Each structure stands twice: as structure tokens, then as C-alpha cells.
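The block underneath contains the structure these notes are about, expressed in C-alpha cells.
Numbers for residues simply follow the sequence, beginning at 1. What you see is a predicted model; the values in this text were computed from it and never measured.
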Amino acid sequence: MTTRIDRLWPDPLDGLGDDDLLATYAPPLGASAYRAGADGGRSGGEDAGGADPRVSDSADDSAGDGAWLRLNFVSSLDGAATREGLSGGLGRGGDKRVFDLQRRWADVVLVGAGTARAEGYGAMALDDEAVAWRRAQGLAPHPVFALVTGRLDLDPASPIFAEAPVRPLVYTVASAPAEARSALSAVAEVVDAGETSVDPAHVRADLAARGLLRIHAEGGPSLFGAFLTAGVVDELCLTIAPTVEGGSAGRIAHADAAAPTDMRPASVLLSGDGELLLRHVRA
């Protein structure tokens, strides 16, 4: 039995226009396999926070939430998620181009606080060309930046907040330090999504309730592992860099518990510098 792949480019993607790539990576809203509260969803848990009436009281547990949650990663051929501690060292021209284009579709870019610090994230502000494209599609000029942190260990004076074109969201836990909560509340909307650990299902539901349906997550491995375990991931976009790294670098997903999740291939692209760009969606 063979699986149909929607887009296969045996030639380098360097010759493809942005419109072709944007069409390839358009989030298929309404096609999500995720069902809130479904037995196979692995959503919720004993660490989940109190019910949010916007996302739970009126929700039909058997229905989808209308959202699409994508994870984007790069890995070496031998599975290393970083080089010298950073994922940016693995990506080449094709990966960086597709990375930027994927953000154009996003209503919200979701990142773990540790990744934001390590990778040197600034404000989630797109360039003029991307803003013009988004306006033409009826989207807001810039995506919302959403960060996940249990300890609220973020600097409220950093460019992430000080230069943000849209007020960021910070998902945390009810037990987070009060002083840090107060400082971040001045520059972002701080949302409790659990008592002692952030519940990915709560994060997804809250974003959907805000109308932020195109959820583009950029890591890191702990965030991916938690979201995979919770069963809330719709898609993985993975660039395979043409390099073997060795060393002690971790995988793209990390969690204490395994969460086998069937995926099916949706597109395969080859860059001129040897990168293989894979897109898989939840089966």
C-alpha cells in the first residue's frame, strides 16, 4: 500500500516561487484530527488548571476546535536537534526560507521560554513584504507571540515585549512566582494554563477561543514532547539537514512518557543545498 504525497519536488526548491511554497504550507483549517476531550487525545491531566468558561463550558467534547497546530524543527541525519546547543546552526538556506514563509500564515507563533532565550528571539515582527502579503489574505499584520513558561523566567524589558507590535501572551501556571507575574503582566497577557505544569490542551483551547487558529510552534524539544504527549499536535514540519553531528545533542521531542502518534506524509521538498524538507500531518 502506498501513501499519496501531495507535493513532491525532485528539483531544488530554489526555483519555486514564494506563492508555490506558501500554498504548500497553508494550514488546512477544519481538517484537524484533534478532538477536545477525546479518549485518544491524551488531553488534560491531573495538573490541568481550573476550567476556563471561554474554552470549556460551551465546548462539545466530540467536536474539533477549528484550530491547526504545527510544529517546526530541524534535525541532522543522525537525529541531533542542535549544533553547539542551538538549532539555528543546523539550518541552511532552504530551511531559513521556508521557516520565514511559514510564519506568514500564522495567527500565533508559540515558543517555549527556554528556546526563546537560547535562540535569541526578539519581537515577533514580520518584514514589510510579509505584512503586505498578510493584509492581502485578510490576516492581522503580525502574528501574536505566545510563550510557555512555568517559572515566568522572562525579562519584561527584553525586545520580545518592549518592541512587540502585538501584546504577547504568556502561558504559565497558577503557582508561578507572584513578583514575576506582576512584572510580566505590565507588558503581556499572562494566562494560567495549569496548577503546577502547563497543560497543552488548555493552551490550544485558549488560543482557539481567541480566534488564533493557525498555531505555529517553533519549539523547543520539551514543548514538543509535552504537546505530543497531550495529543494536540496536527502537523510536523521537519527539515533534515545533510549533516551527521554525533555528540550528545538531544532529539526534537523530549518527554518522560512515550506518545506514539501516527503521521502521514503531506509534502517532500528538496533544497539546492541538500536539505530535505518534510511535512507530515496527523493520521
* Asked: Are L223 and F73 connected in a single hydrophobic cluster, I mean Ile/Leu/Val/Met/Phe/Trp/Tyr linked by side-chain heavy atoms less than 4.5 Å apart?
  -> yes

* Asked: Do S175 and R151 pass the side chain to side chain donor-acceptor pair (under 3.5 Å) test, and can you show the C-alpha distance, the side-chain angles, and the key distance before you say yes or no?
  -> CA-CA 8 Å; S175 57; R151 296 175 296 174; over 6 Å; no

* Would V144 and L212 satisfy side-chain contact (heavy atoms from CB on, under 4.5 Å), going step by step from the backbone distance to the final call? -> CA-CA 8 Å; V144 177; L212 304 175; 4.1 Å; yes

* Ion pair present between R97 and D18, side-chain N to carboxylate O less than 4.0 angstrom? -> yes

* Asked: Do W68 and W105 have ring centres separated by under 6.0 Å?
  -> no

* Asked: Are L152 and F161 linked, directly or through other ILVMFWY residues, by side chains that come within less than 4.5 angstrom of each other?
  -> yes

* Heavy atoms from other residues, nucleotides or ligands near CD of E179 exceed 12 (cutoff 6.0 Å) -> no

* Asked: Applying the 4.5 Å side-chain criterion to the ILVMFWY set and letting contacts propagate, would L169 and V190 be lumped into a single cluster?
  -> no

* Structure fact -> Nearest heavy-atom approach of T243 to D78 is O-OD1, 4.1 Å

* Side chain proximity check, L269 to L21, heavy atoms < 4.5 angstrom -> yes

* Asked: With side chains defined as the heavy atoms from C-beta onward, is the minimum distance between L238 and H280 less than 4.5 Å?
  -> no

* Contact summary for T229 and A259, nearest pair of heavy atoms -> CA-CB, 3.7 Å

* **L207, V108, D234 screened by side chain to side chain contact (heavy atoms under 4.5 Å, CB included) with L69, the one that passes** => D234

* Asked: Given side chains that start at C-beta, do those of V170 and V191 come closer than 4.5 Å, heavy atoms only?
  -> no

* Report yes if the side chains of L139 and D107 come closer than 4.5 Å at any heavy-atom pair, otherwise no. => yes

* Asked: Are R103 and D127 close enough for a salt bridge, meaning some N to O gap below 4.0 Å?
  -> no

* Asked: Tell me, do V233 and T261 make a side-chain contact under 4.5 Å, heavy atoms counted?
  -> no

* Structure fact -> Of all heavy-atom pairs linking A283 and A33, the shortest is O-CB, 4.2 Å

* To do: Could you walk me through whether L126 and W133 pass the side-chain contact (heavy atoms from CB on, under 4.5 Å) test, one step at a time?
  => CA-CA 11 Å; L126 306 187; W133 186 91; over 6 Å; no

* **F145-Y121 aromatic ring centre distance below 6.0 Å** => yes

* Residues R134 and E129 bridged, charged N to O under 4.0 Å -> no

* Structure fact -> One should read off an interatomic distance between L22 CG and L16 CG, to the nearest 0.5 angstrom, of 11.5 Å

* To do: Using a strict 4.0 Å threshold on nitrogen-to-oxygen distance, state whether D65 and R35 make a salt bridge.
  => no

* Is the closest basic N to carboxylate O distance between E235 and R279 below 4.0 Å? -> yes

* To do: Find out whether H216 and N72 are in side-chain contact, i.e. whether some heavy atom of one side chain is under 4.5 Å from a heavy atom of the other.
  => yes

* Considering all heavy atoms, the nearest T24-S267 contact -> CG2-OG, 3.8 Å

* When clusters are formed by joining ILVMFWY residues with side-chain heavy atoms under 4.5 Å apart, either directly or through shared neighbours, do I215 and Y171 land in the same one? -> yes

* Asked: Below 4.0 angstrom, N of the basic side chain to O of the carboxylate: do D192 and R181 qualify?
  -> yes

* To do: Test side-chain contact (heavy atoms from CB on, under 4.5 Å) on Y25 and R104 and set out the steps.
  => CA-CA 10 Å; Y25 287 98; R104 288 197 189 184; over 6 Å; no

* Criterion side chain to side chain donor-acceptor pair (under 3.5 Å) on E119 and S87, from CA distance to verdict -> CA-CA 8 Å; E119 301 284 349; S87 64; 3.0 Å; yes

* Kindly compute the distance separating OG (S271) from CZ (R92), expressed to the nearest 0.5 Å. => 8.0 Å

* R282 side chain to G231 backbone, donor-acceptor under 3.5 Å -> yes

* Asked: Can you name the closest pair of heavy atoms from P200 and A226 and give their distance?
  -> CG-O, 3.5 Å

* To do: Taking only Lys NZ, Arg NE, NH1 and NH2, and the carboxylate oxygens of Asp or Glu, determine whether D206 and R210 approach each other closer than 4.0 Å.
  => yes

* Is the count of non-hydrogen atoms from other residues, nucleotides or ligands lying under 6.0 Å from R135 atom CZ greater than 12? -> no

* Quick one: pull up CD1 in I240 and OG in S75 and give me the separation to the nearest 0.5 Å. => 5.0 Å

* **Test item: T172 side-chain N/O and T149 main-chain N/O as donor-acceptor pair under 3.5 Å** => yes

* Not counting sequence neighbours, list each pair that qualifies as a salt bridge (charged side-chain N to carboxylate O under 4.0 Å, His left out) and has a residue in residues 239-263. => R83-E245

* Asked: Is the shortest distance from a Lys or Arg side-chain nitrogen in E218 or R70 to a carboxylate oxygen in the other one below 4.0 Å?
  -> no

* T239 and F99, any side-chain heavy atoms less than 4.5 Å apart -> no

* Following the transitive rule for hydrophobic clusters with a side-chain heavy-atom cut-off under 4.5 Å over Ile, Leu, Val, Met, Phe, Trp and Tyr, establish whether V148 and L236 coincide in one cluster. => yes

* Structure fact -> Taking every heavy atom of T115 against every heavy atom of G219, the minimum-distance pair comes out as OG1-C, 3.6 Å

* Can you tell if the side chain of E275 reaches within under 4.5 Å of the side chain of P242, non-hydrogen atoms only? -> yes

* Check step by step if side-chain contact (heavy atoms from CB on, under 4.5 Å) holds for V98 and L277. => CA-CA 9 Å; V98 169; L277 295 101; 3.7 Å; yes

